[in-house]
Amino acid sequence: MSLPKFDVIELRRSLLNWYAQTGRNLPWRNSSDPYQIWISEIMLQQTQVKTVIPYYQSWLEAFPTIHNLAEADLQTVLKLWQGLGYYARARNLHACAQQIVQQYNGVFPYELEAVLSLPGIGRTTAGGILSSAYNLPISILDGNVKRVLARLIALSVPPGKALKSLWELSDQLVDSNHPREFNQALMDLGATVCTPKTPNCSECPWTLYCQAYLLNLQSQIPMREISSPLPHKIIGVGVIWNQQGQILIDKRPAKGLLGGLWEFPGGKLEAGETLEECIKREIQEELAIEIEVKDHLMTLEHAYTHFKVTLNVYHCRYISGEPQPLESDEIRWVTLDEIDQFPFPKANEKIIAALKNNS
DNA sequence: GAAACGTGGAA
DNA sequence: TTTCCAAGTTT
């Protein structure tokens, strides 16, 4: 699948011209610091620009250089990342910073192979960083580019089924004279003109070449990936109070879902069980303590990427036993004043807010 | 190759 | 309310 050479030249020219006139002014585009560009690329994985900007700014205030990041402790890093999601990104960023300081004297590597070997950096992020920071002609294939290119060639299958062809196309198109601007332009086109629903084809520089547009199929391409329905779990959650007015929280294991974040203990409701029984059992299994389940605090819905949960939150009274971290990394008794120091996932933040309102 | 991995906004 | 999906990577 290769385009005529004339078309490639004209596609580059028209896109770069469009970008020079209408490209977005984003914070990281004003920087030539590979560290800052790297941070932005990681934050932007599966995350919209609008969401990233405030995190990006407070991150750079906390960690102005890669050395500040390398020397920070992981809990501080996770606290700054709190609410952004995909927390492995923060853990990998921290590990990367330490590796780059040791292995590359703190200078982000130039070699594609070296970049790809860093944790949390795949082909698209590597191309994004190397083209943006060092102006190297490395192609990208993020969600925007997949959609733009799928429409350009009127791809008849979901992009996930044609990754090889799409990468080849992105390789063929990237302008080796202006790789930084070209890749940024391609993503801007997808984000602002060639949008998922109702694209603004009247403002597109590629209407002369876009096969989907020429066939009037732009609303049907790209084809949808098949998605399975999300399982739904009912969860019982305990806010366990002791006589000193402290609450018991636990730190999740370092890997996996919400790894390294803190939470209120609890777990999945089993068949034939009441919520009170569920919470009492889960607390016994996770922490080896006796509690009494008291008043209902709140019920909240939350959707993760691959399942949904209903959190049924109850106040509990600590009765006996020394809490053990049987299924967590660490446990702590904390007051409501101390609790803000710990990174919590979004659903738990809502519980904390409710506790503070009631007190 | 499929599933795991967060959250928010739009329709 | 539900579904889609956004600057993807890892296992």
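Quick caveat: nothing in here was measured; it's all calculated off a predicted structure. Just so it is clear: chains get the letters A, B, ... in the order the sequence lines come, proteins before strands, and each one is counted from 1.
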Counting heavy atoms from C-beta on, name the nucleotide in [options] closest to the side chain of [X].
X: A:Thr125; options: C:dA7, C:dT9, C:dC5; value: C:dT9
X: A:Lys346; options: C:dA7, B:dC5, B:dG8; value: B:dG8
X: A:Tyr304; options: B:dG6, C:dA6, B:dA2; value: B:dG6

What is the distance from [atom1] of [X] to [atom2] of [N], rounded to the nearest Å?
X: A:Tyr86; N: C:dT11; atom1: OH; atom2: P; result: 15 Å
X: A:Met43; N: C:dA6; atom1: CE; atom2: C1'; result: 16 Å
X: A:Glu301; N: B:dT7; atom1: CD; atom2: P; result: 15 Å
X: A:Glu225; N: C:dA6; atom1: CD; atom2: P; result: 10 Å
X: A:Leu78; N: B:dC5; atom1: CG; atom2: C1'; result: 14 Å
X: A:Trp81; N: B:dC5; atom1: CH2; atom2: P; result: 17 Å
X: A:Gln45; N: B:dT7; atom1: CD; atom2: C1'; result: 15 Å
X: A:Leu141; N: C:dA7; atom1: CG; atom2: P; result: 13 Å

Can you tell me how far [atom1] in [N] sits from the matching atom in [M], rounded to whole Å?
N: C:dT11; M: B:dG6; atom1: P; result: 14 Å
N: C:dA7; M: B:dA10; atom1: P; result: 13 Å
N: B:dA3; M: C:dC4; atom1: P; result: 16 Å

So which heavy atom on A:Gln75 is nearest to which on A:Gly260, and how close?
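Taking A:Gln75 first and A:Gly260 second, the nearest heavy atoms are NE2-O, 3.1 Å.
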Is there a side-chain polar atom (N or O) of [X] under 4.0 Å from OP1 or OP2 of [N]?
X: A:Lys50; N: B:dA10; answer: yes
X: A:His306; N: B:dC5; answer: yes
X: A:Gln48; N: C:dA6; answer: no
X: A:Thr305; N: B:dT7; answer: no
X: A:Arg224; N: C:dC5; answer: yes
X: A:His302; N: B:dG6; answer: no
X: A:Tyr87; N: B:dT7; answer: yes

Remember a base hit wins even if backbone is also touched, and classify [X] as base, sugar-phosphate or nothing at under 4.0 Å, heavy atoms.
X: A:Ile140; answer: nothing
X: A:Ile42; answer: nothing
X: A:Gly259; answer: nothing
X: A:Thr51; answer: nothing
X: A:Trp28; answer: base
X: A:Ile129; answer: nothing
X: A:Arg147; answer: sugar-phosphate
X: A:Gly143; answer: sugar-phosphate
X: A:Gln46; answer: base

**5'-most by nearest nucleotide on DNA chain C - A:Gln184 or A:Lys197** =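 That would be A:Lys197.
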Query raised in the report: Of A:Gly190 and A:Gly120, whose nearest nucleotide on DNA chain C comes first from the 5' end?
Result: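 Per heavy-atom nearest nucleotide, the more 5' residue is A:Gly190.
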Under a 4.0 Å N-O cut-off, is there an ion pair linking [X] with [Y]?
X: A:Glu10; Y: A:Arg13; result: yes
X: A:Arg281; Y: A:Glu285; result: yes
X: A:Lys280; Y: A:Glu290; result: yes

Distance (rounded to the nearest 0.5 Å) between A:Tyr56 OH and A:Gln36 CD |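 So the OH of A:Tyr56 and the CD of A:Gln36 are separated by 4.5 Å.
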Q. Does A:Lys79 use its side chain to pair, donor to acceptor, with the backbone of A:Phe342 at less than 3.5 Å?
A.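 A pair under 3.5 Å: yes.
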Less than 6.0 angstrom separating the ring centers of A:Phe264 and A:Phe344, yes or no?
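They qualify: ring centres under 6.0 Å apart.
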Does the ring center of A:Tyr304 lie less than 6.0 Å from the ring center of A:His302?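 Centroid separation for A:Tyr304 and A:His302: below 6.0 Å.
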> Counting only Watson-Crick or G-U wobble pairs whose two distances fall under 3.5 Å, which nucleotide matches B:dT7?
Replying inline: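 Paired with B:dT7, as far as the under-3.5 Å criterion goes, is C:dA6.
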Write down the partner of B:dG1 under the Watson-Crick or G-U wobble criteria, each distance required to be under 3.5 Å.
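Its partner: none found.
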- Message: Using heavy-atom distances to pick each residue's nearest nucleotide on DNA chain B, tell me which of A:Gly256 and A:Lys350 is more 5'.
- Response: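 Its nearest nucleotide lies further toward 5', so the answer is A:Gly256.
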